[in-house]
Amino acid sequence: MRQFQIEQSQERQITQLAKAFDYHLADEIDQEEAIETTVAVLRIHTQLHGAAWDMGQLLSQQKARLDHGTFGKWLNEVLHWEPRYAQLYMQIFARWPDKELYLSSGVGLMDFSKQIALSSDSAPETATQRVIDIVAERGAAPSVREIKAIVREEQVKVAVELPLETTLDI
C-alpha cells in the first residue's frame, strides 16, 4: 500500500510539472500531446534514477548475505563489475535508506554523478539540504562542480578546530 501511495504522489508531481511548462502551442491537441510526452519522459527518468537506490539496496543485501570475500568475487565473475562501481550504488542506499525521502527530496531525480557527490561519507547533511533548496528555487539541480563546491564549503563549516595543545610548533 505504501509503495502505491509513493507512486501516486510522484505521478501527481510529474503531471503538475508537465502541465506547468509553457509549450507555446496554440493547438489544444498538440499541447496535450506535448504534456503526455513530458509525463512519459519524466516517468522513465524517475524510474531510472530510482533504480540507483534499488540497485544499492540489492547490492547491500547481497554483500551482507555472502561470506566474507565472496561478494567481490561475485561482482567480478557474475556481474563483471569493478568493486568501485557497486560501491557507488551502495553509497547512495547507505546515505538515503528511506526511498520515499530519497525520491521526494529530489536527490533521486538528479543525475547519477550528482547523487554520488552528495552521498559520499564526507558530504555533510547541510550540503544536501543546500542543494535541495537550490533545486526548489531554480527548478534544476546545480552542476556537479557546484555541488562539490557546496560540499567543500559545508565541510569547512562543520570542521572541528584542533585545540592549541595538539598543534606543532615548527
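If you read the sequence from its start, that first residue is 1, and numbering goes on from there. Side-chain atoms are counted along with the backbone in the values below, which use heavy atoms only and exclude waters and symmetry mates.
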A.B. asks: Would you please name every residue forming a side chain to side chain donor-acceptor pair (under 3.5 Å) with Thr37, sequence neighbours left out?
C.D. replies: none

A.B. asks: Partners of Arg43 by salt bridge (Lys or Arg N to Asp or Glu O under 4.0 Å), sequence neighbours excluded?
C.D. replies: Glu11

A.B. asks: Look up atom CZ in Arg152 and atom NZ in Lys148, then write down how far apart they are to the nearest 0.5 Å.
C.D. replies: 8.0 Å

A.B. asks: What's the separation between atom CD1 in Ile116 and atom CD in Gln87, rounded to the nearest 0.5 Å?
C.D. replies: 10.5 Å

A.B. asks: Can you measure from NZ (Lys19) to CD1 (Ile14) and round to the nearest 0.5 angstrom?
C.D. replies: 13.0 Å

A.B. asks: Give every residue pair that meets the side-chain hydrogen bond (donor to acceptor under 3.5 Å, both in side chains) criterion with at least one member in residues 127-143, sequence neighbours excluded.
C.D. replies: Arg95-Thr128, Gln129-Asp133, Arg130-Glu153, Arg130-Glu154, Arg138-Glu146, Ser143-Glu146

A.B. asks: According to a 4.5 Å side-chain heavy-atom criterion applied to Ile, Leu, Val, Met, Phe, Trp and Tyr, with indirect links allowed, do Ile35 and Val41 form part of one hydrophobic cluster?
C.D. replies: no

A.B. asks: Name all residues meeting the side chain to side chain donor-acceptor pair (under 3.5 Å) criterion together with Arg145; count only those two or more places apart in sequence or in a different chain, and write none if there are none.
C.D. replies: none

A.B. asks: Are Ile150 and Ile134 packed together at the side-chain level, in the sense that at least one heavy-atom pair is separated by less than 4.5 angstrom?
C.D. replies: yes

A.B. asks: Measure across Ala123 and Ala117 and return the closest heavy-atom pair with its distance rounded to 0.1 Å.
C.D. replies: CB-O, 3.9 Å

A.B. asks: With sequence neighbours excluded, what pairs up with Phe21 under the ring pair (Phe, Tyr, Trp, His ring centres under 6.0 Å) test?
C.D. replies: Tyr23

A.B. asks: Using the side chain to side chain contact (heavy atoms under 4.5 Å, CB included) criterion, which residues pair with Leu101? Sequence neighbours excluded.
C.D. replies: Asp98, Ser104

A.B. asks: What pairs with Lys114 under side chain to side chain contact (heavy atoms under 4.5 Å, CB included), at least two apart in sequence or on another chain?
C.D. replies: Met110, Asp111, Ala141, Val144, Ile147

A.B. asks: Ile44, Val39: one ILVMFWY side-chain cluster at the under-4.5 Å cut-off?
C.D. replies: no

A.B. asks: With sequence neighbours left out, what residues match Gln57 under side chain to side chain contact (heavy atoms under 4.5 Å, CB included)?
C.D. replies: Trp53, Gln61, Phe93

A.B. asks: Linking I/L/V/M/F/W/Y whenever their side-chain heavy atoms sit closer than 4.5 Å, directly or via other members, would Met90 and Leu79 fall into one cluster?
C.D. replies: yes

A.B. asks: Taking side chain to side chain contact (heavy atoms under 4.5 Å, CB included) as the definition, give me every residue that meets it alongside Ser105, ordered by chain and number, with sequence neighbours left out.
C.D. replies: Val107, Ile132

A.B. asks: Is the shortest side-chain heavy-atom distance between Phe71 and Leu59 below 4.5 Å?
C.D. replies: yes

A.B. asks: Look up atom CG in Leu58 and atom OH in Tyr89, then write down how far apart they are to the nearest 0.5 Å.
C.D. replies: 11.5 Å

A.B. asks: Can you find a heavy atom in the side chain of Gln115 that is under 4.5 Å from one in the side chain of Leu88?
C.D. replies: no

A.B. asks: Would a 4.5 Å heavy-atom cut-off, applied to side chains only, mark Ile29 and Glu33 as touching?
C.D. replies: yes

A.B. asks: Go through the structure and list residues passing side chain to side chain donor-acceptor pair (under 3.5 Å) with Gln155, not counting sequence neighbours.
C.D. replies: Ser122

A.B. asks: Please identify each residue that fulfils side chain to side chain donor-acceptor pair (under 3.5 Å) with Ser119, with sequence neighbours left out.
C.D. replies: Gln91

A.B. asks: With heavy-atom distances below 4.5 Å as the criterion, would you say the side chains of Leu75 and Tyr85 are in contact?
C.D. replies: no

A.B. asks: Taking salt bridge (Lys or Arg N to Asp or Glu O under 4.0 Å) as the cut-off, I'd like each qualifying pair that reaches into residues 74-92, sequence neighbours left out, listed once.
C.D. replies: none

A.B. asks: Mark yes when over 12 heavy atoms from residues, nucleotides or ligands other than Asp121 sit less than 6.0 Å from its CG; otherwise mark no.
C.D. replies: no

A.B. asks: Nearest 0.5 Å, what's the CG-CD distance between Asp22 and Gln31?
C.D. replies: 7.5 Å

A.B. asks: Of all heavy-atom pairs between Phe112 and Ile92, which one has the smallest distance, and what is that distance?
C.D. replies: CE1-CD1, 3.5 Å

